[in-house]
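Heads up: the structure comes next, in structure tokens.
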Amino acid sequence: MINDSTVEAFESSGGVKVYRMPVEAFPDHITNCYLVLDDTITLLDTGSGWDQSNQDLLKCFEVLRSKFNEKLSLKDIQRVILTHGHIDHFGGVNWVVEETGAELGIHELDASVIQHFNERLLSSTHGLRHFLNHSGMSRHTVDTLLHMNKWSKDTFHARNVDFTFHEGQILDTPLVSYHTPGHCPGQVCMQLHDILFTADHVLSRITPNQAPESITRNMGVGHYMESLEKVRKLEGIRIGLGGHELAMENLSERIDDSISFHEGRLEKTYNLLDEPKTINEVSLGLFGKREDYHVLLAMLEAGAHLEYLYERGRLVIVNIEEMEDDPDLAPLYRQAD
Ligand SMILES: [Zn+2]
Ligand SMILES: [Zn+2]
């Protein structure tokens, strides 16, 4: 990931000023929040809520005053819109809303992440446990990964959202939402005249993490690829502004690169399965041996690509009869004949 912490100014073709406000959400992990200066002052995403992240947001306002001559402070934010329900983007929302009284909105499919945070986390953990228990990993490794996955439990206190949206214009703003599920169920891109806020859906260098839809609905490679096609069809976009990394003046190229990248990974996954393998073996074949949280990310990425191929009939499970007798057995996948 490219970490760049420069505050940058943009202006849409309709004359709306936008500032990129990068914050260090987690060590060495910069998230871009954006301040949109329309009739209403709107902040897109809030960072993680960790101390450094909040301090960085305040520092961005200092830069707005000293370098860009804006008479603005955090307190002026009237509305917060979240691009999706990942904690590096929404974790700061309690602090921002409590400091400002801003109204809060998010896509309808991610509203429960904010409103019922621990419940959503535990329910996805439930799906994750099933996935990992059938991945061919040892029970001990699965327990370690599940424990790791719950690190954010009790770090965020749930709050109500004031409005949700799906497709089209968001309230009275000039922002138009496009639902782009895949990386996250309620992921949206938002168009502001000739600017597209691409959130984590399209980034300047990397592509976002994938996870199987069997764990959480509306995630997975199939939705992600469809959502890339959807965004590529949008007309009149001059610049893409992502939730991480740099501004993209070549958005359609970046979309094509992201599609090719995942097509390549699907092909690699398929090629590994000339012999029967578990998800864990596919993950090792794709990414080698990983450590700590990266083991989980690699498993989810491998599982998402494998699921895509299996659901489209390109793979079969060779031990389905043994699985009938032992429901805890990990499926062995192989290329379909
Ligand atoms: Zn994300
Ligand atoms: Zn992100």
Side-chain angles (χ1 to χ4, degrees), residues 1 3 5 21-34 43-60 74 77 80-107 109-129 131-132 141-162 164 183-188 199-200 208-211 215-216 218-219 243-244 290-300:
M1 184 153 89
N3 279 324
S5 49
M21 301 178 118
V23 301
E24 191 165 25
F26 300 120
D28 213 27
H29 180 98
I30 303 263
T31 297
N32 295 325
C33 308
Y34 293 94
L43 183 70
L44 307 182
D45 287 343
T46 61
S48 64
W50 284 28
D51 198 40
Q52 185 64 52
S53 180
N54 295 348
Q55 291 307 318
D56 283 355
L57 197 58
L58 290 173
K59 267 189 229 144
C60 290
L74 183 82
I77 296 170
V80 173
I81 299 177
L82 300 170
T83 61
H84 65 298
H86 283 165
I87 200 157
D88 53 332
H89 298 261
F90 76 75
V93 78
N94 281 317
W95 176 67
V96 172
V97 169
E98 278 153 27
E99 289 287 310
T100 62
E103 59 174 342
L104 170 65
I106 186 167
H107 186 272
L109 287 181
D110 278 355
S112 66
V113 177
I114 309 299
Q115 301 190 129
H116 310 287
F117 176 69
N118 276 348
E119 180 193 311
R120 259 292 275 264
L121 181 65
L122 292 175
S123 123
S124 71
T125 303
H126 197 73
L128 181 64
R129 181 178 297 115
F131 168 77
L132 291 174
T141 313
V142 170
D143 287 344
T144 310
L145 292 180
L146 285 171
H147 182 72
M148 242 182 243
N149 187 59
K150 280 197 279 192
W151 70 268
S152 63
K153 190 172 175 292
D154 302 323
T155 60
F156 180 79
H157 62 92
R159 76 174 309 118
N160 275 337
V161 304
D162 300 299
T164 59
H183 167 66
C184 193
Q187 172 79 77
V188 292
D200 278 6
N209 296 322
Q210 303 295 324
I215 299 174
T216 307
N218 294 297
M219 292 184 72
H244 305 280
R290 295 287 176 105
E291 297 294 334
D292 305 323
Y293 200 67
H294 295 280
V295 178
L296 183 58
L297 294 178
M299 289 295 289
L300 293 172

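Keep in mind the model is a prediction, meaning the values are calculated, not measured.
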Item to check | For the student: nearest non-hydrogen atoms of Asn54 and Gly92, plus distance | outcome: OD1-CA, 4.4 Å
Checklist outcome for this item: Output for pair (Arg129 CZ, Leu145 CG), nearest 0.5 Å, gives 12.0 Å
Item to check | Heavy-atom side-chain contact between Asp88 and His244 under 4.5 Å | outcome: yes
Checklist entry - So, Asp56 side chain and Val23 main chain: donor-acceptor pair closer than 3.5 Å or not? => result no
Checklist entry - Heavy-atom distance under 4.5 Å between the side chains of Ser124 and Met219, does that happen here? => result no
Checklist entry - Atom CE of Met299 and atom CG of Leu132: how far apart are they, to the nearest 0.5 Å? => result 6.0 Å
Checklist entry - Are any non-hydrogen side-chain atoms of Asp200 and Cys184 less than 4.5 angstrom apart? => result no
Checklist entry - Between Phe156 and Val113, is any pair of side-chain heavy atoms under 4.5 Å apart? => result no
Checklist entry - Is there side-chain contact between Val93 and Ile106, with heavy atoms separated by less than 4.5 Å? => result no
Checklist outcome for this item: Closest heavy-atom pair, Ala111 versus Thr164, reported as atoms and distance to 0.1 Å, is CB-CG2, 3.7 Å
Checklist entry - Above 12 or not: heavy atoms from other molecules or residues under 6.0 Å from NE2 of His29? => result yes
Item to check | Between Asp45 and Asn32, a side-chain donor and acceptor under 3.5 Å | outcome: no
Checklist entry - Within a strict 4.5 Å, meaning less than it, do heavy atoms of the Thr31 and Ser48 side chains meet? => result no
Checklist entry - Would you say Glu291's side chain and Val295's backbone share a donor-acceptor pair under 3.5 angstrom? => result no
Next on the checklist: As an exercise, state the distance from CZ of Phe90 to CG of Leu82, rounded to the nearest 0.5 Å.
Outcome noted: 8.5 Å
Item to check | Where Ala102 and Ile77 come nearest, the two heavy atoms and their spacing | outcome: CB-O, 3.7 Å
Checklist entry - Looking at CZ of Phe26 and CD1 of Ile87, how far apart are the two atoms once the value is rounded to the nearest 0.5 Å? => result 5.5 Å
Checklist entry - Could you state the interatomic distance from OG1 (Thr155) to CZ (Phe117), rounded to the nearest 0.5 Å? => result 5.0 Å
Item to check | Main-chain N/O of His89 paired to Thr46 side chain as donor or acceptor, under 3.5 Å | outcome: yes
Checklist entry - With a 4.5 Å heavy-atom cut-off, do Thr100 and Leu43 have their side chains touching? => result no
Next on the checklist: Could you check whether any side-chain N or O of His84 sits under 3.5 Å from a backbone N or O of His86, counting only pairs where one atom can act as donor and the other as acceptor?
Outcome noted: no
Checklist entry - Taking all atoms of both residues into account, what is the closest heavy-atom pair of Ile30 and Asn3, and its distance? => result N-OD1, 3.0 Å
Next on the checklist: I'd like to know if the side chain of His107 and the backbone of Thr83 have a donor-acceptor N/O pair within less than 3.5 Å.
Outcome noted: no
Checklist entry - Would you say Gln210's side chain and Pro208's backbone share a donor-acceptor pair under 3.5 angstrom? => result yes
Checklist entry - Rounded to the nearest 0.5 Å, what separation is found between the CG atom of Leu300 and the CG atom of Asn149? => result 8.0 Å
Checklist outcome for this item: Closest non-hydrogen atoms of Cys60 and Pro22, given as atom of the first, atom of the second and distance, are SG-O, 3.6 Å
Item to check | Side chains of Leu122 and Lys150 in contact at under 4.5 Å (non-hydrogen atoms) | outcome: yes
